[in-house]
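First up is the structure itself, then whatever we jot down about it.
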Amino acid sequence: MPNYWLMKSEADVYSIQDLERDGRTMWDGVRNYQARNNMRAMKVGDLVLYYHSRQTPSAVVGVARVVRESYPDPTQFDATNKYFDAKSSEDDPRWWLVDIEYVGTFETQVGLPDVKGEKALADMVLVNNSRLSVQPVQKAEFDRVLAMAGFRLQES
DNA sequence: GCCAACGTTGGC
DNA sequence: GCCAACGTTGGC
């Protein structure tokens, strides 16, 4: 059984369209311990709601899947990278990431107001801790968001 | 673009 | 270990 997550990206930084074009990507640059811990808990095959923040309205826009379990974020060791962290070391990395692949884009985005208006989604982390960029999602919540989007996953 | 809410840092 | 100061996120 997969677990379910939600990952945020600013639409003008790395959108679901960018992920569709690339096929898969390294989720680098996360510098929050709670978000990192969530990525370290991910397994290959886990499913991800892809969320665009800082657009109007912010919305869940599609689905991705974890394709590689957590490993050290290489950008933390690169002094020329904006995510460089001088306090991290290769022996004891601070920051970890996963690789995700594109699954699909919703024809109907599920906006934050829609999520907030849905009783069954009242306990989503998205509603209660808006700052966390990688968060766990219950299966029932995941299924409900997909239903609201009118999106069907390919059976595997 | 503003600013509230939150997380992190560092002085004590 | 507390907490003020600071930086960042993200909704609006």
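Naming convention: chains lettered A, B, ... in sequence-line order (proteins, then strands); numbering from 1 in each chain.
- Between the CG atom of A:Asp12 and the P atom of B:dG1 there is a distance of 12 Å, given to the nearest Å.
- Every salt bridge (charged side-chain N to carboxylate O under 4.0 Å, His left out) that A:Asp99 has, sequence neighbours left out, goes to A:Arg24.
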Atom pairs and distances, side-chain donor-acceptor, residues 83-91 of chain A, under 3.5 Å, sequence neighbours left out:
| residue | atom | partner | partner atom | Å |
| --- | --- | --- | --- | --- |
| A:Asp85 | OD1 | A:Lys87 | N | 2.9 |
| A:Asp85 | OD2 | A:Arg94 | NH1 | 3.4 |
| A:Asp85 | OD2 | A:Trp95 | NE1 | 2.8 |
| A:Ser88 | OG | A:Gln76 | OE1 | 2.7 |
| A:Ser88 | OG | A:Arg94 | N | 3.0 |
| A:Ser89 | OG | A:Asp92 | N | 3.1 |

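- For A:Asn38 against A:Pro136, the heavy-atom pair with the smallest separation is ND2-CD, 3.7 Å.
- A continuous path of ILVMFWY side-chain contacts below 4.5 Å connects A:Val66 to A:Met39, so both sit in one hydrophobic cluster.
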Protein proximity profile, nucleotides 2-7 of chain C - base contact B, sugar-phosphate-only contact S, no contact -, cut-off 4.0 Å on heavy atoms: -----B
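- No chain of hydrophobic side-chain contacts below 4.5 Å, direct or via other Ile, Leu, Val, Met, Phe, Trp or Tyr residues, connects A:Val44 to A:Trp27.
- Applying the salt bridge (charged side-chain N to carboxylate O under 4.0 Å, His left out) criterion to A:Arg131, with sequence neighbours excluded, gives no partner residue.
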Quiz: residues 111-125 of chain A side-chain donor-acceptor pairs under 3.5 angstrom, not counting sequence neighbours:
| residue | atom | partner | partner atom | Å |
| --- | --- | --- | --- | --- |
| A:Asp114 | OD2 | A:Gly111 | N | 3.0 |
| A:Glu118 | OE2 | A:Arg144 | NH1 | 2.3 |

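- Remark: A:Arg68 engages no residue in a salt bridge (charged side-chain N to carboxylate O under 4.0 Å, His left out) (not counting sequence neighbours).
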A:Asn129/A:Gln135 under side chain to side chain contact (heavy atoms under 4.5 Å, CB included): CA gap, chis, key distance, verdict: CA-CA 9 Å; A:Asn129 177 4; A:Gln135 37 180 277; over 6 Å; no
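- Considering only residues two or more places apart in sequence or on other chains, A:Arg65 meets the salt bridge (charged side-chain N to carboxylate O under 4.0 Å, His left out) condition with A:Glu101.
- For A:Phe106, the ring pair (Phe, Tyr, Trp, His ring centres under 6.0 Å) partners at least two apart in sequence or on another chain are A:Phe151.
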Within the sub-3.5 Å range, which N or O atoms of nucleotides 10-12 of chain B have a protein N or O partner, and how far apart are they?
| residue | atom | partner | partner atom | Å |
| --- | --- | --- | --- | --- |
| B:dG10 | OP2 | A:Lys87 | NZ | 3.4 |

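- Within residues 27-36 of chain A, no residue places a heavy atom under 4.0 Å from DNA chain C.
- Pairs passing the side-chain hydrogen bond (donor to acceptor under 3.5 Å, both in side chains) check and including a residue from residues 40-50 of chain A, sequence neighbours excluded, read A:Trp5-A:Asp46.
- At whole-Å resolution of the value, CD in A:Gln135 and C1' in C:dT9 are 13 Å apart.
- Non-hydrogen atoms lying under 4.0 Å from DNA chain C are contributed by A:Leu112, A:Lys116, all within residues 108-126 of chain A.
- Here the shortest heavy-atom pairing between A:Val145 and A:Val110 reads O-CG2, 3.7 Å.
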